[in-house]
Amino acid sequence: MSKTNLRYTFLFIMFLTFVSLINMACERVAESGELTHLYVEASHPAFENLRDMEDKTPIILIGTKEAEINPYNFVDDTGREISEFSMAHIKVDKIIKNHDPISLDSEQMIPVLENEYQKDSTVFHIGGYQKMELGKKYLLFLYYSEHDNWYVINGVVFGKVPTSTSESLLYGQKGDSPSLPEKVIREAQESYKHFFGK
Amino acid sequence: MKKPLLFIMITLLLSTLSVSFAYVPNGWVLTYPTSCWFYISEDTNSSPYLNDLIYYTKQWNSLPELGLYQTYSPSDHNIAMYVVSYDTGNCALAQHYSDDYHTATFYPSWKNLSLTNRREVIVHEIGHCLGLAHTQSSNNSNSIMRQFNFNGKPYPLSDDKAGISSIY
Ligand SMILES: [Zn+2]
């Protein structure tokens with residue numbers, strides 16, 4: 001083997017090591033803090049843009065997450081034990097729109113269902129949903145479920161808009177970047193930012 | 001020596017970045033795809049939809065790699081289907097417990113869809129249980145596994161067929 005060939009072989013081995021190190025680093029991210037995060041495939045309503053989401057949402061408000069029950073356990077009407085989401089307690093800061101017959105007041109606490117839950121050391125993100133952080137403010141596009149007496153985030157991942165633009169939006173999104181929900185959320189952050197101040 | 005090595009390096013780099021332009025497998029692989037048993041939890045929630053759940057699950061039987069059959073055994077099956085009354089904002093969810101056990105749950109938002117879209121969601125959720133993730137959006141018009149919105153075609157399309165034949 002010539003000197004040049006030896007040098008390229010060495011470079012090639014270095015490159016292989018580099019690629020496998022990058023792969024290992026990427027796989028570890030999901031398991032940081034001893035929790036395993038899982039993306040759960042979901043079908044949910046989608047909105048073309050902010051206007052579409054506004055038109056199809058009866059309640060728009062700004063609220064602060066004060067507490068959570070994770071996972072939220074209950075027995076459904078057929079007797080099955082359900083443990084597949086968490087429940088946030090949201091303090092209403094400002095009501096922007098309420099077309100629901102049930103009235104809302106600022107300072108009121110409301111239960112809002114979140115499509116992320118933890119079981120043992122596994123965190124499930126339904127449709128890639130990432131739950132709200134305690135103490136933080138969110139712009140929420142909601143509807144009220146009379147059957148369940150809780151509020152539901154419209155479009156699962158679409159209707160939860162962090163008032164901080166640095167907060168990450170979705171867990172484990174594959175495909176388009178930015179994805180459709182990310183585009184709509186960014187549009188909402190821009191359009192409603194005058195509500196986000198004190 | 002220089003050129004082949006460069007070629008191998010570029011190929012490796014591309015495969016690391018998982019560049020693909022078609023169906024996306026989700027890693028769930030049935031051991032016996034030609035005898036996949038599905039069970040529908042029959043109650044007041046599911047009763048109006050039983051015929052559709054059976055008929056549109058069996059749409060996957062048009063593919064030679066698959067055979068889906070209904071069973072009434074609540075303990076021995078590969079796919080369990082539930083229609084529920086509590087609202088989480090989802091239309092439907094497919095969940096993975098092991099390679100040979102998945103659930104598909106249908107929520108109130110699914111009941112509110114138009115008839116064709118409701119049927120499309122049934123085929124779509126079963127597609128997840130059979131091993132398909134959401135397709136890349138460039139394939140939306142030829143896949144039941146599109147992530148958002150509908151094609152108005154409640155049966156497996158060309159991208160889905162290619163995906164299943166690559167898995168089984
Ligand atoms: Zn899906």
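The chains referred to below are lettered A, B, ... by the order of the sequence lines, with proteins before strands, and numbering in each begins at 1.
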| query | Would A:F196 end up clustered with A:I90 when hydrophobic side chains under 4.5 Å apart are linked, directly or stepwise? | reply | yes

| message | Hydrophobic cluster membership, with links at side-chain heavy-atom distances under 4.5 Å among I/L/V/M/F/W/Y: are B:Y168 and B:I144 in one? | response | yes

| note | In terms of heavy-atom contacts, B:G89 and A:P45 come closest through O-CD, 3.3 Å

| Is it the side chain or the backbone of B:T88 that comes within 4.5 Å of chain A heavy atoms, both, or neither? | both

| said: Using side-chain heavy atoms (C-beta onward) and a distance below 4.5 Å, is B:D87 in contact with A:Y143? | reply: yes

| task | Decide whether A:Y39 and A:F124 are clustered together by the hydrophobic rule: side chain heavy atoms of Ile, Leu, Val, Met, Phe, Trp, Tyr closer than 4.5 Å, transitively. | result | no

| field | A:P181 vs B:F148 side-chain heavy atoms within contact, under 4.5 Å | value | yes

| note | Comparing A:N154, A:I82, A:V40 against chain B, the one with the most heavy-atom pairs below 4.5 Å turns out to be A:I82

| message | Which atoms of A:Y129 are under 4.5 Å from chain B, going by heavy atoms: the side chain, the backbone, both sets, or neither? | response | neither

| B:Y32, OH: over 12 other non-hydrogen atoms inside 6.0 angstrom | no

| What part of A:E84 gets closer than 4.5 Å to chain B, counting heavy atoms only: side chain, backbone, both or neither? | side chain

| message | With a 4.5 angstrom heavy-atom cut-off, is it the side chain or the backbone of A:L38 that approaches chain B, or both, or neither? | response | neither

| query | Of the backbone (N, CA, C, O) and the side chain (C-beta and beyond), which part of B:H96 lies under 4.5 Å from a heavy atom of chain A, both, or neither? | reply | neither

| Residue selection (most heavy-atom pairs with chain A, distance under 4.5 Å) from B:V121, B:N45, B:T44, B:V84 | B:N45

| query | Do other residues, nucleotides or ligands put more than 12 heavy atoms under 6.0 Å from the CZ atom of A:R80? | reply | yes

| Got more than 12 heavy atoms from elsewhere within 6.0 Å of CG, A:D120? | no

| request: State whether the number of non-hydrogen atoms from other residues, nucleotides or ligands found under 6.0 Å of A:E66 atom CD is greater than 12. | output: yes

| remark: side-chain contact (heavy atoms from CB on, under 4.5 Å) test vs A:E41 passes for just one of B:H124, B:Q147, B:H128, namely B:H128

| query | Does A:V123 belong to the same Ile/Leu/Val/Met/Phe/Trp/Tyr cluster as A:Y72, with side-chain heavy atoms less than 4.5 Å apart forming each link? | reply | no

| Heavy atoms from other residues, nucleotides or ligands near NZ of A:K97 exceed 12 (cutoff 6.0 Å) | yes

| task | Would you sort out whether B:E125 and A:S43 count as a side-chain contact (heavy atoms from CB on, under 4.5 Å), showing the intermediate values? | result | CA-CA 8 Å; B:E125 295 310 318; A:S43 291; 2.6 Å; yes

| Could you state the interatomic distance from OH (B:Y86) to CG (A:D76), rounded to the nearest 0.5 Å? | 6.0 Å

| query | Nearest 0.5 Å, what's the CD-OG1 distance between B:E42 and A:T78? | reply | 13.0 Å

| field | Contacting region of B:D43 [heavy-atom separation from chain A under 4.5 Å] | value | side chain

| field | Selection from B:L93, B:L113, B:N90 maximising heavy-atom pairs under 4.5 Å formed with chain A | value | B:N90

| Heavy atoms, side chains only, cut-off 4.5 Å: are B:P108 and A:H147 in contact? | no

| message | Taking CG in A:D55 as the centre, count heavy atoms belonging to other residues, nucleotides or ligands within less than 6.0 Å. Is the count above 12? | response | yes

| message | Hydrophobic clustering (ILVMFWY, side-chain heavy atoms < 4.5 Å, transitive) - are A:Y117 and A:V156 grouped together? | response | no

